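Take a look at the structure below.
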Amino acid sequence: MGELHVLDHPLIQHKLSVIRDKNTSVKEFREIISEIASLMCYESTRDITTEEVEIETPVGVAKARKVSGKKMAVVPILRAGLGMVEGILKLVPGAKVGHIGLYRDPDTLEPVEYYCKMPKDIAEREVYILDPMLATGGSATAAISFLKNYGCLHIKLMCIIGAPEGVNRVRTDYPDVDVFLAALDDHLDDHGYIVPGLGDAGDRIFGTK
Ligand code: PRP
Ligand code: URA
């Protein structure tokens, strides 16, 4: 059974306050999205498996632990999820990266798929879907459904800000999926934007507005 985890580490909260600010530059916004992704990766991988190994140090033999078990894949939802990839790969350089292109139709708010490329062994990996924003949950549930069709059994969703509507949808449709957020916000506005949120994450990462 998956759970909702709100990762409210003080450093994450501090960085979130900077990206919420409408006056933050594109450069700083992009850098901090990546830093938050690193911190969320650190927090959300607490329960991964390790195994004991013996390491020869310059002065003796140490019993140490190395990460073992399932390998990781990250799947950013284009575009905005791309901003989180580098931050994860800094900590888990061996993770493979799949891409899924979805945009929200501005009228229906339904996700429209336009691109997909996955690593061949995706079904054997622990998959982290990345997207800074979980609004209606349409994009996230489409991505989860897609990965399940690929045979993935171990899926986690990592978003920076979530709305209750999106969280409820994912939790109802896919109760086995762990959801990691840095903040759970108040509600969606009439255009499907998270309130108070941070605006359009893709536009703010790539400077398209
Ligand atoms: C944004 C965001 C999510 C989606 C969330 O992407 O990055 O993918 O909206 O909304 P939902 O939960 O209601 O589906 P958008 O469609 O604006 O595309 P972009 O990343 O290319 O800007
Ligand atoms: N997508 C965004 O980028 N921001 C929102 O608030 C909602 C969806």
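Every number for a ligand or one of its atoms is a count from 1 in the order of the listing. Keep in mind the model is a prediction, meaning the values are calculated, not measured.
Annotation: atom 21 (O) of ligand 1 to nearest protein heavy atom, R79 NE, 3.0 Å. Of all protein heavy atoms, the one lying nearest to atom 7 (C) of ligand 2 is G192 O, 3.5 Å. What sits closest to atom 6 (O) of ligand 2 on the protein, heavy atoms only, is I194 N, 2.8 Å. Closest to atom 5 (C) of ligand 1 among all protein heavy atoms lies M133 O, 3.6 Å. Shortest contact from atom 17 (O) of ligand 1 to any protein heavy atom: D200 OD2, 4.1 Å. Protein heavy atom in closest approach to atom 13 (O) of ligand 1: T136 OG1, 2.5 Å. Protein heavy atom in closest approach to atom 5 (C) of ligand 2: Y193 CD2, 3.4 Å. The single protein non-hydrogen atom nearest to atom 15 (P) of ligand 1 is R104 N, 4.2 Å, given as residue, atom name and distance.
No side-chain heavy atom of I33 sits less than 4.5 Å from a side-chain heavy atom of K15. Using a 4.5 Å heavy-atom threshold, the side chains of H154 and K70 count as touching. Looking at L78 and Y115, their side chains come closer than 4.5 Å, going by heavy atoms from C-beta outward.
Using a 4.0 Å heavy-atom cutoff, G197 is absent from the residues neighbouring ligand 2. For D131, the heavy-atom gap to ligand 1 drops under 4.0 angstrom.
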**Message:** Under the criterion side-chain contact (heavy atoms from CB on, under 4.5 Å), I'd like the reasoning laid out for V195 against L188: C-alpha separation, chi angles, the key distance, then a yes or no.
**Reply:** CA-CA 6 Å; V195 183; L188 296 178; over 6 Å; no
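By heavy-atom distance, the residue among A201, A135, G199, G202 lying nearest atom 4 (N) of ligand 2 is G199. Looking at R104, R79, H191, it is R104 that brings a heavy atom closest to atom 8 (C) of ligand 2. Across A80, G137, S139, heavy-atom proximity to atom 12 (O) of ligand 1 is greatest for G137.
Of the possible polar contacts, none joining the D203 side chain to the K209 backbone as a donor-acceptor pair under 3.5 Å is found.
Backbone and side-chain nitrogen or oxygen atoms of L134 are examined, and none is located within less than 3.5 angstrom of a nitrogen or oxygen of ligand 1.
Aromatic ring orientation, Y103 versus Y114: tilted (interplanar angle from 30° to 60°).
A salt bridge between R20 and D185 is present, with a side-chain N of the basic residue lying under 4.0 Å from a carboxylate O of the acidic one. No salt bridge links K71 with E124; every basic N to acidic carboxylate O contact stays at or beyond 4.0 Å.
At a heavy-atom cutoff of 4.0 Å, ligand 1 is contacted by no atom of A201, backbone or side chain.
Counting atoms of ligand 1 from 1 in the listed order, those under 4.0 Å from a heavy atom of Y103 are 16 (O).
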